[in-house]
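Everything below concerns the one structure shown next.
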Amino acid sequence: MGGTFDPIHFGHLVTAEASRAAFGLEQVIFIPSGNPPHKQDRTVTPAEHRYLMTVLATSTNPYFRVSRTEIDRVGPSYTVDTIEELRGVVGPDTLIYFITGADAVMELMTWNRPQDILAQCELIAATRPGYPPADFQRLRQAIPQVSAARVHTIEVPALAISSSDIRRRVESGEPIKYLVPETVEQYILKSSLYERPRTAGGHGHGRLAEMWL
Ligand code: NAP
């Protein structure tokens with residue numbers, strides 16, 4: 001399961017568990033992106049924070065694992081490199097599914113070596129309820145006919161939650177309780193993630209962290 005996870009939230013966790021049940025998966029490996037090539041225009045939270053939040057969020061599910069592979073890799077995080085590396089570990093006979101958001105899958109043909117990704121794994125594109133039918137059509141058209149059967153969709157009501165909304169909420173001081181696991185909420189507060197940059201002389205958590213860490 002790939003994502004920036006900035007931060008991870010219940011929508012991601014429900015997507016993983018629903019995919020596991022629907023596709024009979026042996027385990028779900030969460031792979032936080034290290035250096036997302038398509039996000040050069042916005043600041044992404046340092047990978048180590050995103051990795052730790054993913055570990056905290058998944059720790060109670062025995063089927064969930066977290067991989068550091070993209071975090072530790074130097075250079076842009078290309079999915080094709082990750083899938084090929086995983087294929088090398090699990091061998092040719094294991095079926096691999098790459099799970100991620102439908103909006104990301106929509107752009108698949110712009111990713112690095114999309115045909116090689118489709119040759120090595122099937123995709124599960126998670127959508128929120130009410131995802132416009134026109135977008136489904138666009139998704140199908142975006143994938144070459146021969147590979148379309150390798151792209152599955154799964155509707156996840158909890159995907160009404162989004163990372164961007166959580167970041168916005170923290171910045172404006174709104175609660176994020178019940179949108180992310182409690183451990184993740186506490187990690188965000190403790191590490192002063194997503195807070196508005198403080199003015200000089202402010203005494204918020206961010207400034208304290210700066211003074212002590
Ligand atoms: P994104 O463009 O930030 O996200 C698009 C949409 O998908 C958002 O609504 C996002 O919601 C949702 N989403 C993302 N990951 C999800 C997940 N695991 N489960 C459910 N919904 C998810 O997507 P991204 O996180 O940067 O990238 C998604 C994956 O595609 C990553 O593994 C990334 O490395 C890969 N990717 C690879 C390439 C490449 O190889 N060149 C290019 C693009 C993406 P939230 O914001 O709430 O997560």
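Treat the numbers as computed from the prediction; the structure is a model and nothing was measured. One-based numbering, in listed order, for ligands and for the atoms of each.
- The closest heavy-atom contact to atom 6 (C) of ligand 1, among the options Val80, Asp103, Asn35, comes from Asp103.
- For the pair Ser67 (side chain) and Ile29 (backbone), a donor-acceptor distance under 3.5 Å is absent.
- Among all protein heavy atoms, the one lying closest to atom 1 (P) of ligand 1 is Lys39 NZ, 3.7 Å.
- Within the listing of ligand 1, atoms 41 (N) sit less than 4.0 angstrom from a heavy atom of Asn112.
- Of the protein's heavy atoms, Arg128 NH2, 3.8 Å lies nearest to atom 9 (O) of ligand 1.
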Let's go through Leu193 and Met53 carefully: what are the C-alpha distance in whole Å and the side-chain angles of both, what is the deciding distance for side chain to side chain contact (heavy atoms under 4.5 Å, CB included) to 0.1 Å, and is it a yes or a no?
CA-CA 11 Å; Leu193 300 183; Met53 288 191 281; 3.7 Å; yes
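- Scanning the protein heavy atoms around atom 24 (P) of ligand 1, the nearest turns out to be Thr4 OG1, 3.5 Å.
- Nearest protein heavy-atom neighbour of atom 29 (C) of ligand 1: Thr100 OG1, 3.3 Å.
- Summarising the contacts of atom 18 (N) of ligand 1 with Gly2, Gly3, Gly101, Pro7, the nearest heavy atom is found in Gly2.
- Proximity to Phe5 (heavy-atom distance under 4.0 Å) selects the following atoms of ligand 1: 18 (N).
- With a 6.0 Å cutoff to the six-membered ring centre and a 45° limit on the axis angle, Arg68 counts as a cation-pi contact of Tyr51.
- When each of Ile124, Leu123, Thr153 is tested with Val105 by the rule side-chain contact (heavy atoms from CB on, under 4.5 Å), just one qualifies, namely Leu123.
- With salt bridges taken as basic N to acidic carboxylate O contacts below 4.0 Å, one links Arg168 and Glu174.
- For the residue pair Arg73/Thr82, the side-chain donor-acceptor check at 3.5 Å is satisfied.
- The closest donor-acceptor contact from the side chain of Thr94 to the backbone of Gly91 lies at 3.5 Å or more, if one exists at all.
- Protein heavy atom closest to atom 4 (O) of ligand 1, with residue, atom name and distance, is Ala104 CB, 4.5 Å.
- When non-hydrogen atoms are compared, ligand 1 lies under 4.0 Å from the side chain of His9 (C-beta onward) but not from its backbone.
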Side chain to side chain contact (heavy atoms under 4.5 Å, CB included) evaluation trace for Arg65 with Val28
CA-CA 6 Å; Arg65 304 263 179 287; Val28 179; over 6 Å; no
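- The side-chain tip of Arg50 does not point at the ring of Phe5 from less than 6.0 angstrom away and within 45° of straight on.
- Below 3.5 Å of separation, one finds an N or O of Ser163 facing an N or O of ligand 1.
- Atom 26 (O) of ligand 1 has His38 NE2, 2.6 Å as its closest protein atom, hydrogens excluded (heavy atom only).
- Under the 3.5 Å distance criterion, the side-chain polar atoms of Asp6 are matched with a main-chain donor or acceptor of Thr45.
- In summary, the atoms of ligand 1 found under 4.0 Å from a heavy atom of Phe98, numbered by their order in the structure, are 32 (O).
- Applying the side-chain hydrogen bond (donor to acceptor under 3.5 Å, both in side chains) rule to Tyr187 yields the partners His49; only residues at least two apart in sequence or on another chain are considered.
- With hydrogens left out, the protein atom closest to atom 33 (C) of ligand 1 is Ser33 OG, 4.0 Å, a heavy atom.
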If you apply the rule side chain to side chain contact (heavy atoms under 4.5 Å, CB included), what do you find for Leu179 with Arg169, and how did you get there?
CA-CA 11 Å; Leu179 299 177; Arg169 280 169 172 272; 3.7 Å; yes
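- The Met1 neighbourhood of ligand 1 comprises atoms 17 (C), 18 (N), 19 (N), with distances under 4.0 Å to a heavy atom of that residue.
- For a threshold of 3.5 Å applied to N or O pairs, the pair formed by Thr79 and ligand 1 contains at least one separation below that value.
- The atoms of ligand 1 that sit less than 4.0 Å from any heavy atom of Ser162 are 47 (O).
- Within a 4.0 Å radius of atom 11 (O) of ligand 1, the protein contributes no non-hydrogen atoms.
- In terms of protein heavy-atom proximity, atom 30 (O) of ligand 1 is nearest to Trp111 CH2, 3.2 Å.
- The shortest N or O to N or O distance between His12 and ligand 1 is below 3.5 Å.
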